[in-house]
Amino acid sequence: MIYRTVIRPLLFGIDPEVSHEVALTLLGGGGAVWSRLPGPGRDSLLETTVCGIRFPSPVGLAGGFDKSARALWAWPALGFGFVEVGTVTARPQPGNPRPRVFRLPEDEALINRLGFNSPGAEAVAERLAGMRQRRYPIPLAVNIGRSRAVDNEAAPEDYASSLDRLHAFADFLVINLSSPNTPGLRHLQMRAAAVPLLDRLAARNRALGEKPLFVKVAPDLTEEELEEIVSALDGRAHGLVAANTTVRRDGLRSAARDEAGGVSGRPLRDLATQVIRILRRLTRGSIPIIGVGGIFTAEDAYEKIKAGAALVELYTGFVYGGPCTPRRIAGRLRALLARDGFQSLPQAVGVEAR
Ligand SMILES: Cc1cc2nc3c(=O)[nH]c(=O)nc-3n(C[C@H](O)[C@H](O)[C@H](O)COP(=O)(O)O)c2cc1C
């Protein structure tokens with residue numbers, strides 16, 4: 001309540017990227033305090049194991065919020081069940097010129113064209129190395145993307161260099177092939193490009209000690225294109241993250257609706273759920289899916305789980321809902337699972353995939 005009536009109006013009164021900076025600085029500053037607070041706690045109905053990793057809650061922080069691992073201790077303290085750091089690029093790069101993040105309040109959405117602003121894999125690895133000397137209470141994923149200066153031909157080399165540097169600090173990795181803000185990146189989702197890239201990363205992953213590799217896809221792919229990416233996974237990667245931001249602009253009302261970039265939040269919700277449903281069908285439930293896109297409430301999360309998501313993540317719903325959002329969603333999700341007679345979360349995954 002205080003977030004919506006006092007803090008959000010203050011944060012929403014300044015430039016979105018500046019307010020994100022302020023929030024990250026505040027959340028990152030209290031590292032010592034945060035790390036003493038309890039994490040999401042144990043709950044037999046919410047905890048789940050995916051790819052052999054135990055998640056205390058299925059509600060995670062999506063890629064892009066803490067791109068360079070600046071506020072890691074805040075995430076378990078706020079009740080997130082896991083966190084995706086990144087996208088990290090192999091080389092340091094500034095991203096696109098500002099302004100590059102826009103609020104669409106009437107649509108409960110954001111548009112961003114950040115373009116992978118990243119201090120680079122080396123800097124993020126150093127930060128994670130310092131932090132990982134202490135036990136981190138929730139699973140941590142590192143999301144990697146292609147450096148802008150590199151073309152798709154050289155992408156395998158570029159991703160592999162990030163994987164080499166960051167592998168040791170991650171419980172699992174997310175290969176981002178779907179940001180709309182790095183020219184040509186999404187072509188890497190086509191089978192002809194995805195297979196050599198994933199072959200290379202799978203080989204490095206085996207050499208470094210195999211960890212789960214997830215591939216993050218766009219919500220704008222046709223069913224045939226989703227089939228291509230699923231077939232490219234075939235033993236090379238272990239899971240999917242669906243979905244990234246959309247380039248669609250249907251039905252938006254806010255002033256910033258025509259800004260270039262990817263749309264996240266409410267307008268993406270049903271599109272992302274539909275992609276999860278298709279992926280669940282194509283994979284016959286054999287590959288875990290992390291569902292993301294337009295989750296603001298437990299009902300939104302539950303819908304994605306029933307469509308086939310083994311875990312869920314949010315970004316825009318956290319911006320609009322504030323710091324209590326992960327605990328609020330997890331608590332109500334628990335009640336929804338209990339109401340419907342599920343004894344554990346995995347029982348609900350994919351029950352409405354058809
Ligand atoms: C400002 C902003 C930055 C983002 N940066 C990244 C990123 O670096 N890597 C990534 O994989 N996804 C990124 N995303 C996409 C989110 O992880 C997520 O897939 C998308 O926003 C849909 O979820 P949401 O509706 O809960 O925001 C970003 C989203 C926003 C709004």
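We count ligands from 1, going down the list as the structure has it; atoms in each ligand are counted the same way.
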> When you look for heavy atoms under 4.0 Å from ligand 1, do you find them on the side chain of His20, its backbone, both, or neither?
Replying inline: neither
> Counting heavy atoms only, which of Ala109, Gly63, Ser264, Pro16 comes nearest to atom 28 (C) of ligand 1?
Replying inline: Gly63
>> Using a 4.0 Å heavy-atom cut-off, which part of Val174 comes near ligand 1: side chain, backbone, both, or neither?
In response: neither
> Under 6.0 Å between ring centres, would you say that holds for Phe65 and Trp75?
Replying inline: yes
>> Arg146 vs Asn152, test: side-chain hydrogen bond (donor to acceptor under 3.5 Å, both in side chains). Steps then yes/no.
In response: CA-CA 8 Å; Arg146 199 199 75 200; Asn152 278 352; 2.4 Å; yes
>> I need the nearest protein heavy-atom contact for atom 8 (O) of ligand 1: residue, atom name and distance, please.
In response: Lys67 NZ, 2.7 Å
>> Assess whether a salt bridge exists between Arg277 and Asp270, defined as any Lys/Arg side-chain N lying under 4.0 Å from an Asp/Glu carboxylate O.
In response: no
>> In terms of relative ring orientation, are Phe82 and Phe172 parallel, tilted or perpendicular, with 30° and 60° separating the classes?
In response: tilted
> Between Asp107 and Ser254, is there a donor-acceptor pair closer than 3.5 Å when you use the side chain of the first and the backbone of the second?
Replying inline: yes
> Is the Phe169 to Tyr136 ring centre distance short of 6.0 Å?
Replying inline: no
> If you count the atoms of ligand 1 from 1 in the order shown, which ones are under 4.0 Å from a heavy atom of Val292?
Replying inline: 18 (C), 19 (O), 22 (C), 23 (O)
> Under 4.0 angstrom from ligand 1, any heavy atom of Ser179?
Replying inline: no
> Should Glu106 and Arg266 count as an ion pair when the cut-off is N to O under 4.0 Å?
Replying inline: no
> Quick one: does ligand 1 sit under 4.0 Å from the side chain of Ala243, the backbone, both or neither, non-hydrogen atoms only?
Replying inline: backbone
>> Show me which atoms of ligand 1 lie under 4.0 Å from any heavy atom of Leu314.
In response: 26 (O)
> Do you see a donor-acceptor pair shorter than 3.5 Å between the side chains of Ser178 and Asn176?
Replying inline: yes
>> Polar contacts were defined as any N/O atom of the residue lying under 3.5 Å from an N/O atom of the ligand; does this apply to Gly317 and ligand 1?
In response: no
> Does an N or O from Gly265, backbone or side chain, lie closer than 3.5 Å to an N or O of ligand 1?
Replying inline: yes
> Given that the side chain starts at C-beta and the backbone is N, CA, C, O, which of these parts of Lys216 lies under 4.0 Å from ligand 1, counting heavy atoms, or is it both or neither?
Replying inline: side chain
>> Counting only heavy atoms closer than 4.0 Å, does ligand 1 sit against the backbone of Leu268, its side chain, both, or neither?
In response: side chain
>> Side chain, backbone, both or neither: which applies to Asn112 and ligand 1 if a contact is any heavy-atom pair less than 4.0 Å apart?
In response: side chain
> If you count the atoms of ligand 1 from 1 in the order shown, which ones are under 4.0 Å from a heavy atom of Asn176?
Replying inline: 9 (N), 10 (C), 11 (O)
> Can you list the steps and then say if His238 with Ile287 is a side chain to side chain contact (heavy atoms under 4.5 Å, CB included)?
Replying inline: CA-CA 6 Å; His238 311 87; Ile287 289 176; over 6 Å; no
>> Closer than 4.0 Å to some heavy atom of Leu110 - which atoms of ligand 1 meet that?
In response: 31 (C)
> So, Asn205 versus His167: side-chain donor-acceptor pair below 3.5 Å or not?
Replying inline: yes
> If you measure from each non-hydrogen atom of Asn244 to ligand 1, which part falls under 4.0 Å: side chain, backbone, both or neither?
Replying inline: both
>> For Leu114, which part has a heavy atom under 4.0 Å from ligand 1: side chain, backbone, both, or neither?
In response: side chain
> Which word best sums up how the rings of Tyr302 and Phe342 line up, parallel for under 30°, tilted for 30 to 60°, or perpendicular for over 60°?
Replying inline: perpendicular
